[in-house]
Engineer: 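Sharing a structure with you now.
Basis for what follows: all heavy atoms, side chains included, without hydrogens, waters or symmetry-related copies.
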Amino acid sequence: MPRVAKPYRLVPADVPALTGRNAGVYTDIVADFVASDLESALIELPGRKPNSLNVGLRKAVKASGASVKVKMRRGEVYLQKL
């Protein structure tokens with residue numbers, strides 16, 4: 001019986017890191033803050049609601065393992081180094 005070619009192939013590849021649609025922006029914000037000399041900073045990101053910014057930054061901080069706290073006060077989001 002002849003061997004039939006399969007309609008697919010297996011290609012060796014590394015699995016890319018899991019990121020959300022805007023995870024790159026939040027990760028960049030956290031990395032820039034950690035690299036800065038600031039102890040705390042107000043984060044402004046036009047087009048993002050404060051709650052979305054708060055959640056996105058919290059996830060980015062957790063994923064990075066940085067010693068940073070995300071705080072929300074009066075509808076504004078801040079990063080603070082610990």
Side-chain angles (χ1 to χ4, degrees):
M1 182 169 172
R3 187 167 179 101
V4 177
K6 295 182 181 179
Y8 63 87
R9 63 189 180 122
L10 301 177
V11 180
D14 291 330
V15 177
L18 181 62
T19 59
R21 357 176 231 174
N22 298 314
V25 173
Y26 300 126
T27 303
D28 290 345
I29 292 171
V30 172
D32 288 346
F33 177 70
V34 169
S36 75
D37 293 333
L38 302 172
E39 288 299 314
S40 63
L42 169 65
I43 307 302
E44 295 179 341
L45 186 58
R48 296 289 189 331
K49 294 179 182 176
N51 286 337
S52 299
L53 184 58
N54 183 30
V55 171
L57 287 172
R58 286 180 188 276
K59 288 181 180 181
V61 166
K62 185 175 180 180
S64 72
S67 291
V68 174
K69 187 81 171 171
V70 181
K71 296 188 175 194
M72 190 167 170
R73 300 287 189 269
R74 288 182 245 124
E76 296 182 321
V77 181
Y78 298 84
L79 291 179
Q80 181 180 33
K81 289 181 181 171
L82 299 176

Engineer: Measuring from atom OH of Tyr26 to atom CG of Asn54, what distance do you get when rounded to the nearest 0.5 angstrom?
Structural biologist: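 So the OH of Tyr26 and the CG of Asn54 are separated by 10.0 Å.
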
Engineer: Distance from Phe33 atom CZ to Ser40 atom OG, nearest 0.5 Å?
Structural biologist: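 Taking CZ in Phe33 and OG in Ser40, the distance rounds to 6.5 Å.
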
Engineer: Would a hydrophobic clustering, with Ile, Leu, Val, Met, Phe, Trp and Tyr connected at side-chain separations under 4.5 Å, put Val77 with Val25?
Structural biologist: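 Yes; tracing contacts between hydrophobic side chains, which count when under 4.5 Å, links both residues.
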
Engineer: Answer yes if the side chains of Tyr78 and Gln80 hold a donor-acceptor pair under 3.5 Å, and no otherwise.
Structural biologist: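 No donor-acceptor contact under 3.5 Å links the two side chains.
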
Engineer: If we ignore hydrogens and angles and just use 3.5 Å, is the side chain of Thr27 paired with the main-chain N or O of Gly24 as donor and acceptor?
Structural biologist: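 Answer holds: no.
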
Engineer: To the nearest 0.5 Å, what is the distance between CZ (Arg58) and NZ (Lys69)?
Structural biologist: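 Atom-to-atom, Arg58:CZ and Lys69:NZ are 6.5 Å apart.
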
Engineer: According to a 4.5 Å side-chain heavy-atom criterion applied to Ile, Leu, Val, Met, Phe, Trp and Tyr, with indirect links allowed, do Val55 and Val61 form part of one hydrophobic cluster?
Structural biologist: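 In one cluster with Val55: Val61, no.
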
Engineer: Kindly compute the distance separating CG (Leu79) from CD1 (Ile29), expressed to the nearest 0.5 Å.
Structural biologist: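 Here the rounded value is 7.5 Å.
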
Engineer: Does Ser67 reach the side chain of Lys81, with side-chain heavy atoms less than 4.5 Å apart?
Structural biologist: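 Not in contact.
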
Engineer: Quick check for you: to the nearest 0.5 Å, what is the distance between Met72 atom CE and Leu57 atom CG?
Structural biologist: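 Met72 atom CE to Leu57 atom CG measures 11.0 Å (nearest 0.5 Å).
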
Engineer: For the side chain of Ser52 and the backbone of Arg48, is there at least one donor-acceptor N/O pair under 3.5 Å apart?
Structural biologist: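 No, because the side chain of Ser52 does not come within donor-acceptor range (under 3.5 Å) of the backbone of Arg48.
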
